[in-house]
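Computation of the quantities below employed the complete heavy-atom set of this structure, encompassing side-chain atoms and omitting hydrogens, waters and symmetry-equivalent molecules. Chain letters run A, B, ... following the sequence lines, proteins first, then strands; residues in each count from 1.
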Amino acid sequence: MIRMPRAAYEAIVAHARQEAPREACGLIAGHGDRIERVYPVPNRAELAVEFFAERGLIPPGRDYRPDAPGAIAVERFFMDPEEQFRVLREIEANGLEHLGSYHSHPATEAYPSRTDVELAAFWPGMLLLICSLREPERPVLRAFRVVDGRVHEEPIVVEG
Amino acid sequence: MAVKILIPAPLRRFTEDRATVEVEASTVGEALAKLDELYPGIRERICESDGRVRRFVSVFVNGKDIRSLQGIDTPLSEGDEVGIIPAMAGGQ
Ligand SMILES: [Zn+2]
């Protein structure tokens, strides 16, 4: 079970809404099973087209031409590396543990996609929070861990 | 030049759980080679066989991505911090 303060929950939903139809992403920190802070990180998916393509993670028939920048960020996220690194240092400086990441699914359910499961292998066992805006007035936030390609859900309790 | 390499959590299984490793090196490439001497196998998690940094990894010198500097030839000075992180990415 994952516990999180209402402010952290609301920050994720607000970030997801602000970025839609692009995906929002960020890092989460706290202690053990308790999330204490969330840190938005810019989504640079449009600069990572080759990264997704070489893993077969661009849907067939989709056109992500370089002259259509931003198009891929509707269905993918790739955290800005320098900002991701800076935030990881900040988490450490704040005396918190890096617990994982969050991102939004602007149009699909709050469940890890094939892309999420494959790329979770870079950070095994980390918490993966997904915020769905499929029903814009009823955002859904769920938490998962992917271990050896298998998805495990962790119930979330929002406090306060 | 003594430099500090910051090891990301997913690679600490190579470094006996150490979060930082100090090496003597004058370029990023040399620092990664020294790291691999201490902890064999870790460099191939970071670099392709031709030495370039893998596309899903970023390497930083004092917080700057070496892709915007001189890649693995980026020079190091005494006390520099070399950061390493795997990509965080996904989709819907
Ligand atoms: Zn996803």
Determine whether [X] and [Y] fall in the same hydrophobic cluster, where Ile, Leu, Val, Met, Phe, Trp and Tyr are linked whenever their side-chain heavy atoms lie under 4.5 Å apart.
{"X": "M126(A)", "Y": "V146(A)", "value": "no"}
{"X": "F144(A)", "Y": "L99(A)", "value": "no"}
{"X": "V151(A)", "Y": "L128(A)", "value": "yes"}
{"X": "F85(A)", "Y": "L69(B)", "value": "yes"}
{"X": "I28(A)", "Y": "M79(A)", "value": "no"}

[X] versus chain B, the contacting section by heavy-atom distance below 4.5 Å:
{"X": "F52(A)", "value": "side chain"}
{"X": "P81(A)", "value": "both"}
{"X": "L57(A)", "value": "neither"}
{"X": "A120(A)", "value": "neither"}
{"X": "R55(A)", "value": "side chain"}
{"X": "P112(A)", "value": "neither"}
{"X": "R89(A)", "value": "side chain"}
{"X": "E50(A)", "value": "both"}
{"X": "E82(A)", "value": "both"}

Validation: residues 5-18 of chain A side-chain donor-acceptor distances under 3.5 Å, sequence neighbours left out:
| unit_1 | atom_1 | unit_2 | atom_2 | d |
| --- | --- | --- | --- | --- |
| R6(A) | NE | G160(A) | O | 2.9 |
| H15(A) | ND1 | Y102(A) | OH | 2.7 |
| R17(A) | NH2 | P136(A) | O | 2.9 |

Chain B interface, residue from [options] that has the most non-hydrogen pairs under 4.5 Å:
{"options": "S132(A), S104(A), P124(A), P106(A)", "answer": "P106(A)"}
{"options": "T108(A), N43(A), I130(A), L88(A)", "answer": "T108(A)"}
{"options": "E54(A), H98(A), E118(A), H103(A)", "answer": "E54(A)"}
{"options": "F51(A), Y111(A), F78(A), F122(A)", "answer": "F122(A)"}

Non-hydrogen contacts under 4.5 angstrom with chain A: give the residues of [range] involved, or none if there are none.
{"range": "residues 81-92 of chain B", "result": "E81(B), G83(B), I84(B), I85(B), P86(B), A87(B), M88(B), A89(B), G90(B), G91(B), Q92(B)"}
{"range": "residues 24-51 of chain B", "result": "none"}
{"range": "residues 54-65 of chain B", "result": "R55(B), F56(B), S58(B), F60(B), G63(B), K64(B), D65(B)"}

With a 4.5 angstrom heavy-atom cut-off, could you sort out which part of L11(B) is near chain A: side chain, backbone, both or neither?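 Neither part.
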
